[in-house]
Structures are given as C-alpha cells and as structure tokens.
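Throughout, residue positions are numbered sequentially from 1 according to the sequence presented.
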Amino acid sequence: MSHKIEAENFIQDLERVAKVRTEVAASLCTIAETLEKAESEGQKTSGKLGLEREIEDIKNAGKNLRLGVFRLMVLGDMKRGKSTFLNALIGENILPSDVNPCTALLTVLKFGPEKKVTIHFNDGKKPLSLDFKSFKRNYTIDPAEAKRLEQEKKQAFPDIDYAVVEYPLPILEKGIEIVDSPGLNDTEARNELSLGYINNCHAILFVMRATQPCTLGERRYLENYIKGRGLSVFFLINAWDQVQDSLIDPDDREELEEAEIRLRRVFQANLNEYCVEENKNIYQERVFELSSILALRRRLKNPSVSLEGTGFPEFFGALNQFLTQERAAQEFRQAKTLAAQADSHLREAIARRTPLLEQNIEELKNKINSVAPEFHKLAEIRDQFQSEIRTVRDKEATEIANSFRSYVLDLEHTFESDFLRYQPDMKFIDFINPGKREAFEIELKKGFEQYISDKLAAWTITVENKMDAAFLQLSRRAAHYGASYTKVTDKITEKLTGKKVKSALSVSSEDNAPSWAKWAMGLFSLARGNIAGMAMAGAGFDWKNILLNLLAVGGIYTAITFFTGITLGPIGLALLGLGVGVMQADEARKKVVQIAKKELVKHLPEVANEQWQPIYDAIKECFDTYEGEVKERIDDDIKSRKSELDNLLQQKQEQEINNDAELARFQQLEIDVSSECTKIVAVYQDFMKAIV
C-alpha cells in the first residue's frame with residue numbers, strides 16, 4: 001500500500017514536478033529556437049537542413065509541458081459528499097457543500113490569480129463571466145429539483161456546456177485541475193458526454209458513501225462507463241465516520257469493528273474487478289475510507305494540520321505516487337526521447353551535408369541524381385503502408401458496423417430476461433390509477449432508456465477492444481515499414497557521403513526508426529493511456545475521442561431516443577386495456593415485458609439498418625485521421641531530405657560557400673543542441689532518483 005503523506009507534502013511534490021516541467025520545457029524551447037535560427041542562417045550559407053518537422057514537434061512538446069497539469073475528474077451520485085471532499089482536498093470551502101444545493105454543471109476548477117467563473121455555452125453564445133457568489137446562487141439546484149429533472153430526463157441548464165472556476169489556491173497553482181461532474185444519473189446524454197472529459201483526465205476520483213454502499217445506480221455506472229476502458233480510478237468511500245453514528249450503541253467498539261468489516265467486504269466484492277492493472281490486484285492502492293467533513297474542518301483552521309485518522313494521508317500518498325511519480329516520469333521520458341531524436345536527426349543531416357560542401361555543382365547534381373531511385377522507394381513504402389491502413393480501415397469499419405446490426409437484431413432473444421430488472425418497482429394497480437399513471441410512465445421510460453443505454457455501452461466495449469487490436473496491428477506494421485524506410489535512407493546517406501552514418505541512438509531497431517514510424521508505433525501506447533514510449537508530443541491524435549464524438553453526434557446514441565419514442569405509447573395503451581384486477585403484479589410485469597418486446601421487435605431492423613452507415617463512417621474517420629497524419633509525416637520527411645540537397649545546390653549556384661565557416665557553424669550547432677539534450681537527461685535522471 002502507498003505510504004501516507006499529508007496535504008502539505010503532496011503540494012510540495014506537485015511543486016517539484018512543476019519545477020522539472022519548467023526546466024525541461026525551457027530546454028525544449030531553446031532547442032527549437034536554436035534549430036530555427038540555424039535554418040534561418042542556412043538560407044544565407046549552404047542551405048536549410050530540412051528540420052521543420054523536428055522544430056514543430058519540439059515546440060509543441062515544450063508548450064504542452066509549460067501548460068501541463070494533472071487533470072482529475074470527480075464522479076459520484078448526489079448526496080455522496082463530493083463537494084465536501086473537494087473542499088477538503090483543496091483546503092478551502094469554495095464549492096457548495098450544504099445539505100441542500102447540488103452542483104448542476106460540469107465544472108472545471110483551475111488556478112487563476114483572481115476568483116472568477118466563466119460559463120461556456122453549447123449554442124454558440126459568447127462565454128459569460130460572473131463572480132463566484134452569482135455562480136453559487138444561479139447554478140446550484142435543490143436535490144428535489146434535481147430528482148424531478150432526472151425523472152423527466154431533462155438537464156438543469158441544457159444550453160450550457162461547462163463552467164470554468166478559477167481560484168488562487170496552492171494545489172491548483174502547482175498543477176492540479178479538477179473536473180467536477182453533476183450526479184451520475186443526471187441524464188444518459190450527459191453520462192455519455194462525460195466520457196469525452198474522462199478520456200482527457202489522468203485519473204477519476206469516484207466518490208461513494210459508506211452509509212449507502214454500492215447502490216444499483218453506482219454499480220450500473222461503473223459497469224457501463226468505467227469497466228474495461230483502461231481508466232485509472234480511485235474509489236473514495238466518504239463519510240466513513242458516520243458508520244459509528246449509525247450503530248445502536250456508538251460506543252461499542254466490537255460492534256463498530258464488525259460493522260466496518262461487513263462494509264469492507266461489500267465494497268471489496270463490488271469494486272475488486274475495477275482494481276486490476278496488468279493482472280495485478282491494486283485494491284489497497286485504489287480504495288480509501290475517508291472522513292471528508294473532519295478533514296475539511298481541520299484544514300479550514302490550519303491548512304498544514306495533520307489529517308491523520310481521516311483517510312486523507314493514505315489517499316494523498318497513493319495519488320501522489322500515481323501522479324508525481326508514474327505519470328510525471330512518463331511525461332519527462334517522452335520529452336527526453338523527443339529531444340534525443342531531434343539531436344540525432346540534426347547530426348545525421350550535418351553528416352550528410354559536410355562531405356557535399358566540397359563538391360562542385362556538377363558533382364553535386366550527379367550525387368542528387370544517383371539517389372533518385374531511393375527517393376522513389378521511400379514513396380513506395382509510404383504508399384504500401386497507406387494501402388495497408390486502408391485495408392485495415394475497410395475491414396474494421398465493415399465488421400464493426402455489421403456487429404452493431406447483428407447486436408441490435410439479437411436484442412429480441414434476450415429482451416425478456418434482460419428487461420425485468422429495469423422495470424418500475426411499482427404495483428400494476430399504480431398504472432391503472434390515473435393519479436399514479438404519469439409516475440409509472442416516467443419510471444418505465446427511464447427504465448427502458450437505461451436498458452438501451454446499457455446495451456449500447458456493452459457493445460462499445462467490444463468496439464474499443466477491436467480498435468485496440470487494429471491499432472496494435474498497425475503499430476507493428478509501422479515498425480516493419482519504418483525498418484525498410486531506414487534501410488533506404490541509410491543507402492541515400494551512403495551514396496551521398498561515401499560512408500555509412502550511425503545514429504548516436506543506434507542501440508535498437510526502434511531507436512533507428514524514422515520519426516514518422518515512432519509516431520505511428522506510439523499510437524497504441526496512447527490508446528492504452530501510456531505515453532512513455534511516444535515520440536509524438538502534441539500530435540493530438542486520440543482515436544477514442546474521435547470515435548466518441550462522431551458516435552455521439554450522428555451515431556448509435558441517437559438510437560436511445562429513437563427506441564424510447566417508439567415503444568412506450570403502445571405499451572401504455574395495451575396495459576390500459578387490461579383493466580383493474582385482471583392479474584397479479586408479477587404477471588403484470590411479465591405482460592409489460594411481452595408488450596414492450598412486441599413493439600421493440602417491430603423496429604429493430606429499422607434501427608439496425610439506419611445506424612449502420614453512421615457507425616461505418618465513424619470507424620472509417622478514425623483510420624482516415626491516422627492515415628492522414630502518417631502520410632503527412634512521411635511526406636515531410638521525404639520533402640526535407642530532398643530539400644536539404646536542393647537547398648545546397650541552389651546556394652552553390654548562387655554564391656561561393658565558405659566551407660570552413662560552415663563547418664564551424666555546424667560544430668557549434670551540434671554542441672548547442674547536445675548541451676540542452678544533456679540538461680534534459682540530467683534533470684530526468686535526478687527526477688527518477690528522487691522518486692525511487
């Protein structure tokens with residue numbers, strides 16, 4: 001189990017990571033500026049070296065590190081004490097945590113020098129800035145109102161996307177951002193929307209309550225939106241101190257111990273499957289018993305006070321290890337790899353350029369003509385990999401779209417057994433009673449929507465598994481084509497220089513891979529949430545988000561509304577015709593299922609066929625985006641290799657090149673870039689030593 005640390009130590013470790021981020025970002029920025037300056041000078045001397053892509057990637061990596069934060073998403077149903085927990089976490093009572101108000105918006109809490117709130121709309125309206133008191137007053141709602149909106153499947157503020165709350169707090173200043181979500185059952189649409197934010201968060205803090213262990217709604221949410229998605233989840237069992245208050249004799253230590261043991265068994269039985277990482281059970285590192293109200297009271301009096309006995313030191317220890325050690329190490333390893341790659345490419349370009357400085361124009365032209373077949377081979381490798389990507393794309397898009405059609409049509413066979421647990425828990429006579437009929441219909445509609453949503457969520461897990469497998473296949477093919485590409489570029493270098501040029505990093509085939517292949521191979525790591533092996537900083541490709549957004553806009557999630565709209569009316573009419581007292585409650589519930597199935601079956605083929613094309617297009621778009629980025633990166637590499645030769649030829653035709661001055665410039669350029677790379681390596685090594 002992770003060691004315990006206090007809040008102050010957690011903030012100190014965050015500050016240490018922020019300092020390393022700043023140092024590494026500064027070195028990356030210096031490398032980018034040095035290369036840019038060199039390319040500018042090259043236009044006046046022997047020509048540019050064709051390092052545009054390296055400069056762009058290094059710039060993006062530096063920018064990402066400077067802006068880098070650890071983003072945490074807080075999930076939990078209403079009345080779980082989410083706001084109390086957050087206030088205790090940040091050390092100030094800024095979020096509404098009264099008995100009554102509930103957060104009604106997805107809210108991003110981040111650092112700002114002044115307290116302010118910005119509301120972002122989803123209908124094109126300009127963002128609205130307002131003070132903190134107005135935000136609390138206007139955008140929190142009473143639990144009764146929240147419940148009513150939930151039953152009616154309405155959002156409290158449907159025109160609002162999210163809110164950003166800026167606050168000058170130490171934990172936020174040191175690199176933490178918190179995404180606070182409304183209750184789990186806000187609406188199915190918002191649950192789906194939240195997945196877009198979840199995929200961009202480092203960890204999920206799932207807040208539960210000790211006195212309401214693992215409710216049906218919580219289990220359902222975990223099953224449909226968390227399970228099998230490769231997410232890092234911390235389970236926070238809040239209000240653990242209230243276990244004692246619920247006992248007949250709160251002072252009976254034996255009774256308390258037995259009650260806590262029973263609770264722990266319940267939580268472990270329900271949460272164990274979500275606490276497995278690489279076949280290792282990490283339950284002790286992911287589940288924590290917290291007393292948030294006690295921690296908050298202490299921190300309000302003294303931010304540096306010990307939180308021993310509240311569960312927070314244990315939680316801070318685990319979160320600290322995950323964020324400031326594991327995740328931070330991945331960030332810095334990526335930056336180190338990218339810097340080393342740029343350094344290697346620079347040295348290779350200079351090694352190619354140096355012997356050509358002595359060549360006269362005619363000799364240089366002959367050299368350039370001699371490598372034309374190799375450049376043709378590079379283009380062939382690009383085309384072959386593109387063709388393979390398209391083959392995988394067409395196969396996966398067709399199979400996944402077909403699988404949805406088959407899946408929907410198969411619902412007919414399992415509906416009767418599956419839907420029983422979604423039905424309203426009401427007596428049949430409640431439906432016959434006009435005063436209770438509306439409530440029955442609302443509950444029936446909600447149950448049916450949840451059934452459809454759960455079924456679709458289960459199907460999307462299979463899609464993600466197929467996409468994982470497909471991109472793993474492409475990453476392996478990228479390695480294959482990258483190796484072939486390197487052989488050709490080595491041949492180009494050999495022809496131009498008369499000798500082979502060995503990269504400073506030539507210790508493995510992966511190190512020798514061209515940058516575009518490293519990007520393509522790193523994609524699978526990105527899909528798994530592991531950025532350690534990527535050399536694609538800032539590339540911005542995440543197939544899960546692309547797929548989610550496309551499906552949400554025009555794909556399967558529209559089927560939820562479609563289904564509920566076509567079935568409920570006929571069910572109600574059929575039930576009314578049965579009359580009062582015709583059957584017992586159990587028999588009535590079976591009748592509901594039979595009638596619902598009859599209506600459902602009528603429309604299954606229509607839904608299956610209508611959604612086929614949107615799903616096909618969504619899957620295809622993921623691979624098309626990947627292919628486009630791969631092609632662009634290969635084209636950039638080919639172009640840069642050609643242009644470095646053309647640039648030299650052009651300069652030789654226009655002016656006399658001072659070879660000695662150019663060699664001295666190259667030597668200094670190598671020293672300057674290598675110096676910054678060495679700094680990054682040293683900072684990285686010091687960081688790794690500190691966390692061991």
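The distance from atom OH of Tyr481 to atom CG of Leu378, rounded to the nearest 0.5 Å, is 14.0 Å. A distance of 8.5 Å separates CG in Leu319 from OG1 in Thr324, rounded to the nearest 0.5 Å. The CD atom of Gln667 sits 10.5 Å away from atom CG of Asp672, with the distance rounded to the nearest 0.5 Å. To the nearest 0.5 Å, atoms OH (Tyr684) and OG1 (Thr337) are separated by 8.0 Å. Between Gln321 atom CD and Asp13 atom CG the span is 11.0 Å, to the nearest 0.5 Å. Atom-to-atom distance recorded for Ile657:CD1 and Lys652:NZ is 4.5 Å, nearest 0.5 angstrom.
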Exercise for review: Applying side chain to side chain contact (heavy atoms under 4.5 Å, CB included), run through Ile119 and Val117 and close with a yes or a no.
Suggested key: CA-CA 7 Å; Ile119 305 295; Val117 181; 4.1 Å; yes
Point to revise | Working for side chain to side chain contact (heavy atoms under 4.5 Å, CB included), residues Thr22 and Arg66 | key: CA-CA 6 Å; Thr22 300; Arg66 282 196 306 274; over 6 Å; no
Exercise for review: Take Leu89 and Leu86 through the test side chain to side chain contact (heavy atoms under 4.5 Å, CB included) and record every step on the way to the result.
Suggested key: CA-CA 5 Å; Leu89 175 68; Leu86 279 172; 4.3 Å; yes
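Salt bridge Glu374/Lys491: absent, no basic N to carboxylate O contact under 4.0 Å. In summary, Glu56 and Lys59 do not engage in a salt bridge, as defined by a charged side-chain N under 4.0 Å from a carboxylate O. Using a 4.0 Å cut-off between charged nitrogen and carboxylate oxygen, Arg53 and Asp637 do not count as a salt-bridge pair. Classification of Lys679 and Glu676 as a salt-bridged pair holds, one side-chain N sitting under 4.0 Å from a carboxylate O. A salt bridge is defined here as a Lys NZ or Arg NE, NH1 or NH2 lying under 4.0 Å from an Asp or Glu carboxylate O, and Glu644 with Arg353 fails to meet this definition. Taking a cutoff of 4.0 Å between a charged side-chain nitrogen and a carboxylate oxygen, Glu177 and Arg71 qualify as a salt bridge. Under the 4.0 Å criterion applied to side-chain N and carboxylate O atoms, Lys631 and Asp635 are assigned as salt-bridge partners. In summary, Glu388 and Arg477 engage in a salt bridge, as defined by a charged side-chain N under 4.0 Å from a carboxylate O. Using a 4.0 Å cut-off between charged nitrogen and carboxylate oxygen, Lys19 and Glu23 count as a salt-bridge pair. Remark: Glu52 engages Lys48 in a salt bridge, criterion side-chain N to carboxylate O under 4.0 Å.
Heavy atoms of other residues, nucleotides or ligands lying less than 6.0 angstrom from NZ of Lys495 number more than 12. The 12-atom threshold is exceeded at CD of Gln653, counting heavy atoms of other residues, nucleotides or ligands nearer than 6.0 Å. Residue-environment remark: NZ (Lys466) exceeds the threshold of 12 foreign heavy atoms within 6.0 Å. Crowding of Glu380 atom CD: a count of heavy atoms from other residues, nucleotides or ligands under 6.0 Å exceeding 12.
Side-chain contact check for Phe234 versus Ile204: every heavy-atom pair is 4.5 Å or farther apart. Considering only heavy atoms from C-beta on, Phe111 stays 4.5 Å or farther from Glu166 through its side chain. Side-chain atoms of Leu496 and Val371, non-hydrogen and from C-beta on, do get closer than 4.5 Å to each other. The shortest side-chain heavy-atom distance between Phe70 and Val17 falls under the 4.5 Å cut-off. Side-chain contact between Ile176 and Val69: absent, with no pair of heavy atoms (C-beta onward) separated by less than 4.5 Å. Contact check for Leu645 versus Phe375: side-chain heavy atoms found under the 4.5 Å cut-off. The side-chain heavy atoms of Leu106 and Met73, taken from C-beta on, include a pair separated by under 4.5 Å.
Under a 3.5 Å cut-off, the side chain of Gln668 and the backbone N or O of Arg665 do not form any donor-acceptor pair. A distance-only check finds a donor-acceptor pair linking the side chain of Ser643 to the backbone of Lys639 [under 3.5 Å]. Although no hydrogens or angles enter the test, the distance criterion places no donor-acceptor pair under 3.5 Å between the side chain of Ser344 and the main chain of Ala340. A donor-acceptor pair under 3.5 Å is formed between the side chain of Thr34 and the backbone N or O of Thr30. When atom types are taken as modelled, the side chain of Asn9 and the backbone of Ile5 share no donor-acceptor pair closer than 3.5 angstrom. Put simply, the side chain of Asp343 never gets that close to the backbone of Ala339: no donor and acceptor are under 3.5 Å apart. Distance alone, capped at 3.5 Å, is enough to place a donor-acceptor pair between the Thr391 side chain and the Ser387 backbone.
In the model, Arg633 has no side-chain atom that pairs as donor or acceptor with a side-chain atom of Ser515 under 3.5 Å. Side chain to side chain, Tyr167 and Lys115 meet the donor-acceptor criterion of an N or O pair below 3.5 Å. Side-chain polar atoms of Gln650 and Glu654 form a donor-acceptor pair below 3.5 angstrom. Using modelled atom types and a 3.5 Å distance limit, the side chains of Glu662 and Thr45 yield a donor-acceptor pair. Defined by atom type and a distance below 3.5 Å, a donor-acceptor pair is missing between the side-chain atoms of Glu362 and Asn366.
A cation-pi arrangement is absent between Lys4 and Phe316 under the rule of less than 6.0 angstrom and at most 45 degrees off the ring axis. Within the cation-pi definition used here (under 6.0 Å to the ring centroid, within 45° of the axis), Arg347 does not qualify as a partner of Phe666.
Residues that satisfy the side-chain hydrogen bond (donor to acceptor under 3.5 Å, both in side chains) test with His345, not counting sequence neighbours, are Glu54.
Between Phe687 and Phe332, the ring center distance clears the sub-6.0 Å criterion. Aromatic ring centroids of Phe385 and Tyr485 lie 6.0 Å or more apart.
For Ala379 against Ile638, the heavy-atom pair with the smallest separation is N-CD1, 4.0 Å.
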